[in-house]
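Structure first, commentary second.
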Amino acid sequence: MEDDDPYEGAVSLSQRAMAGAAQARAAAYLDKLNAEQRQAVETLDGPVLMLAGAGTGKTSALTARIAHLIHTGRAQPNEILAVTFTNKAAREMKERVGRHLGGAIEGMPWLGTFHSVCVKLLRRHAELVGLKSNFTILDTDDQIRLLKQLISAANIDEKRWPARQLAGLIDGWKNRALTPEKVSGRETAAFNNRGSELYAAYQDRLKTLNAVDFGDLLLHMVTIFQTHADVLAQYQRWFRYILVDEYQDTNVAQYMWLRLLAQGHKNICCVGDDDQSIYGWRGAEVGNILKFEKDFPGAAVIRLEQNYRSTEHILAAASGLITANEGRLGKELWTEARGGEKVRLIGHWDGEEEARWIGEELEALQRGTRGNPPVSLNDQAILVRASHQMRAFEDRFLTIGLPYRVIGGPRFYERLEIRDAMAYFRLVVSPDDDLAFERVINTPKRGLGDKAQQRIQVAARENGLSLLDGARMLIAEGTLSGKAAGQLRLFVENIGRWHEEIVQASPATATTRAEDDDLLIEPAEDGVAPANDQSHVRLAERILEESGYVEMWQNDKTPEAPGRLENLKELVKALEQFDNLQGFLEHVALIMDNDKSETEDKVSIMTLHAAKGLEFPVVFLPGWEDGLFPSQRSMDESGLKGLEEERRLAYVGITRAEELCTISFAGNRRVYGQWQSQMPSRFIDELPVRHVDVLTPPGLYGGGMNGGGFSAGGFGGSTAMDDRVARADVYNSPGWKRLQSAQSRPVSQPREVRRMAVDAQGESDYEIGDRVFHKKFGYGEVMGTEGDKLIVEFDKAGEKRLLAGFVVPAAEADDVPF
DNA sequence: GAGTGACCTGACTTT
DNA sequence: CAGGTCACTC
């Protein structure tokens, strides 16, 4: 590497001038902070652990700290390494630091996600791990395809040993910074005893392809730091201050990376909240935050505990829930806010009913007919555990015409047509991108099926060529049959021609960026720049046109086709923001989020994971049912640890709400296209009852249209002894029983409903041997009880555990219309 | 080589 | 319920 520091003099004059201007501003960013936040900002030297609970002004403190570092002259903007997990967080931080310092701080080149920072570093030092600096970053799709090839090459039955699983294993290893040779012990036995072997083969293949996957970005940098002391020392010197956001989400590789970099000066400030660690499944180690003080002796630990976001009931409900977790660092969140509505809890007959009710609530809140000031849809959100739960809401909202937006749903760049188009671009930019070649060689159909492709593969492998060159060779030999040969020739020539155009347009960027020493000046921040030359946009259009790709969709008669064409247009449009195709590809590889700045008033639907870091005045948390939330899979795979993570997820969900939080569950839900009766979530038991309102079922009992009945509930509170909402309270409540028995009947029979409600209450105690009837499972016999559930052996459906409310005595089965 | 239908399997969270 | 794979046919 270079002897002298390559970053010398990278600070521009304008930045110095800017610092001067900020000086005059007399550090206004400190004014709004409370004592703890201020301490976190002003404790600049040495290790600092900031334990910041939900809504305690963590980002304010973090950005103020950066501003303070710059303001006091401790560090230039480009000497600060600040890492986040999401692009959104990075963007927000950049913007807020800029605001603190009076606007246009241009150079925070090292503020970004772990991955984006690592890409920059790895491009500089790629050769140390056998890569070229213009390596491609594979998406999961490519990764899977690659693994499939390796698995079948290793003569392993792809059915029994799916590539997805191997991808998961490899990902896990990389998260723990394990290179193939470091995978040890029984883990070598993973994947039919071939796990580590395939992992090694995969890494080899990646190197040959000059490609990396997401995990490699971190792993390669850790390897480089560990094996090249000079490189490490250089960055240790350069990054004088290190800040880490969401520290509880760091995995082992990220942890090692940080520790290596911080080892010299130990000026590292980590911000996190152990109660919000929700990425264990992705390799995050809560342990990292728990052992910070051991890793950095003498660390200042600062707790931010004053919550500025939620009402006292919401905060208390969340706090009460999370105390069920063990091994917490422990924080006492408090707020000055008083009053507000309790957290609302309501059960529904099934998922559709739940969606219907929430839809009505959203509209009522929007109109202000609940006796509340109107709440815009933008201020309301529905947070679900798993993305497939969104569908019920989308269906319902489409029906009633309620505008919504799905955040983090099927993402733009993951769509078929976008990936295809991107593969074309990739191939044109880097003709030896074999994975891209495979993807588009026969899309649209060019009569080049498996056989032809195999011949290309063989030709390429035997001659050590890329697939594109292998194809060229075959054409030159003239061994392919007429039609296929002509099509292939056209394809190859097109790619070659387009590639030439790029090379001529910008010879420097088309080859390699290894020589760039301007990473700190960032001519194109994240590849974005005011584009002056739009030739790449026209080129992209022509690629899609002339390749026949657009035509393929134009001829497609399926209903999705027009949408796909729209998406392609949008893709081309997005290119305008970049100054070349390469920059765009880089951007897309790392930034898989599509935050179109929408201005319309819409309710947001997203997963709980996607909601972290966000807040809304009104939040709905549907689907609180055992198996769904907490998710069965988490519990099966990770036991108590999994359950605790689910609980933290619940905590994150509740703490997103500022004013009104509504938890709901359904008694029946379609799972795998099959109806299943659901148990309410055990987390419901853990809510402190004083802060929860159990709502009576809506609509059925004369509550009327104005939603007036909703807040009249609260019968759950009076019966609980131990300060918890017992699930049993919900079932034993008159409202729930009526709901259970009544809702299996048409709603338009109020008299019948009431009669049945009374009946159901009277009959809720079954004895062993009683014959019962269930709406879905049919007839069965009561075998016993388990807690508040009945064990029923159904004639057809077998043994089930369910609540008494779901069955009726067999004698009354005739009354049940279905 | 491409198109079609039967079958199977798997289903959560993501930089 | 959905997407993917396989076998079969044209």
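Within every chain, numbering begins at 1; the chains are lettered A, B, ... in the order of the sequence lines, protein sequences first and strands thereafter. Computed from a predicted model, the values in this text were never measured in an experiment.
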Exercise for the section: Would you sort out whether A:His609 and A:Trp281 count as a ring pair (Phe, Tyr, Trp, His ring centres under 6.0 Å), showing the intermediate values? Expected result: CA-CA 12 Å; A:His609 285 91; A:Trp281 51 273; 5.7 Å; yes
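A salt bridge between A:Glu92 and A:Arg96 is present, with a side-chain N of the basic residue lying under 4.0 Å from a carboxylate O of the acidic one. Using a 4.0 Å cut-off between charged nitrogen and carboxylate oxygen, A:Glu477 and A:Arg455 do not count as a salt-bridge pair. Salt-bridge formation is not detected for the pair A:Glu394/A:Arg391: no Lys NZ or Arg NE/NH1/NH2 atom is positioned less than 4.0 Å from an Asp or Glu carboxylate oxygen. A salt bridge is defined here as a Lys NZ or Arg NE, NH1 or NH2 lying under 4.0 Å from an Asp or Glu carboxylate O, and A:Lys174 with A:Asp171 fails to meet this definition. Ionic pairing of A:Asp275 and A:Arg328 is present here: one or more N-O contacts between side-chain nitrogen and carboxylate oxygen are shorter than 4.0 angstrom. In this structure, A:Asp556 does not pair ionically with A:Arg564, as no charged nitrogen and carboxylate oxygen lie closer than 4.0 Å. Using a cut-off of 4.0 Å between Lys/Arg side-chain N and Asp/Glu carboxylate O, A:Asp249 and A:Lys612 are scored as salt-bridged.
Within residues 162-170 of chain A, no residue is approached by DNA chain B to less than 4.0 Å at the level of any non-hydrogen atom. DNA chain B lies under 4.0 Å from at least one heavy atom of each of the following residues of residues 280-288 of chain A: A:Trp281, A:Arg282.
Atom CZ of A:Arg91 and atom C1' of B:dT15 are 13 Å apart (whole Å). To the nearest angstrom, C1' of B:dG1 lies 15 Å from CG of A:Leu488. A:Leu383 places its CG atom 14 Å from the P atom of B:dT13, with the value rounded to the nearest Å. Between the NE2 atom of A:His388 and the C1' atom of B:dT13 there is a distance of 12 Å, given to the nearest Å. When rounded to the nearest whole Å, the span between CD of A:Glu637 and C1' of B:dT13 equals 11 Å. When the P atom of B:dT14 is taken as reference, atom CD of A:Glu246 falls 14 Å away, rounded to whole Å. When the C1' atom of B:dT13 is taken as reference, atom CG of A:Asn175 falls 14 Å away, rounded to whole Å. Computed from coordinates, the A:Glu646 CD to B:dT13 C1' distance equals 9 Å when rounded to whole Å.
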Exercise for the section: Would you write the dot-bracket representation of DNA chain B, where each base gets (, ), [, ], | or . depending on whether it forms a Watson-Crick or G-U pair under 3.5 Å and with which partner? Expected result: ||||||||||.....
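For A:Phe239, the ring-ring contact (aromatic ring centres under 6.0 Å, His included) partners two or more places apart in sequence, or in a different chain, are A:Trp110, A:Tyr235. Qualifying ring-ring contact (aromatic ring centres under 6.0 Å, His included) partners for A:Phe437, counting only residues two or more places apart in sequence or in other chains: A:Phe491. Under the rule for a side chain to side chain contact (heavy atoms under 4.5 Å, CB included), the partners of A:Ala574 that lie at least two apart in sequence or sit in another chain are A:Tyr413, A:Phe584. Scored by the ring-ring contact (aromatic ring centres under 6.0 Å, His included) test, A:His115 finds A:Phe214 as partners (sequence neighbours excluded). Residues that satisfy the ring-ring contact (aromatic ring centres under 6.0 Å, His included) test with A:Phe85, not counting sequence neighbours, are A:Phe114.
Sorted by first and then second residue, the pairs that involve residues 147-170 of chain A and meet ring pair (Phe, Tyr, Trp, His ring centres under 6.0 Å), not counting sequence neighbours, are A:Trp161-A:Phe191. Residue pairs meeting the side-chain hydrogen bond (donor to acceptor under 3.5 Å, both in side chains) criterion with at least one partner in residues 628-643 of chain A, sequence neighbours excluded, are A:Ser631-A:Ser634, A:Gln632-A:Asp636, A:Arg633-A:Glu637, A:Ser634-A:Glu646.
Counting all heavy atoms, side chain and backbone alike, A:Ser604 lies closest to A:Phe616 at OG-CE2, 4.1 Å. For A:Pro630 against A:Arg682, the heavy-atom pair with the smallest separation is CG-NE, 3.9 Å.
When each of B:dT14, B:dG1, B:dC12 is scored by its nearest atom to the side-chain atoms of A:Lys451, the top-ranked nucleotide is B:dG1. In the set B:dT14, C:dC1, B:dT15, C:dC1 carries the atom at the smallest distance from any side-chain atom of A:Arg670. Picking from B:dC12, B:dT14, B:dA11 the nucleotide with the shortest atom distance to the side chain of A:Tyr672 gives B:dA11.
At the heavy-atom level, A:Ala484 lies nowhere under 4.0 Å from the strands shown. Among the heavy atoms of the strands lying under 4.0 Å from A:Ser631 is at least one base atom, whether or not backbone atoms are also near. Residue A:His115 is classed as a base contact, given a heavy-atom separation below 4.0 Å to a base. When heavy atoms are screened at a 4.0 angstrom cut-off, A:Phe85 is found touching the sugar-phosphate backbone but no base atom.
Taking a centre distance below 5.5 Å and an interplanar angle below 30 degrees as the stacking criterion, A:Phe214 stacks against the six-membered base ring of B:dT15.
When the C1' atom is compared between C:dT5 and B:dC12, the two are found 24 Å apart, to the nearest whole Å.
For the residue pair A:Asp350 / A:Asn668, no side-chain donor-acceptor distance below 3.5 Å is found, with atom types taken as modelled.
Between B:dC12 and A:Ser634, no contact under 4.0 Å exists linking OP1 or OP2 to a side-chain N or O. The side chain of A:Arg633 contributes an N or O atom lying less than 4.0 Å from OP1 or OP2 of B:dC12.
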Any protein N or O atoms within reach of nucleotides 2-6 of chain B? Criterion: under 3.5 Å, listing atom names and distances.
from: B:dA2; atom 1: OP1; to: A:Gly447; atom 2: N; distance (Å): 3.1
from: B:dA2; atom 1: OP2; to: A:Asn442; atom 2: ND2; distance (Å): 3.3

Practice task
Summarise protein proximity over nucleotides 2-10 of chain C in one line of letters, 5' to 3': B for base, S for sugar-phosphate only, - for none, counting protein heavy atoms closer than 4.0 Å.
Solution key: S--S-----
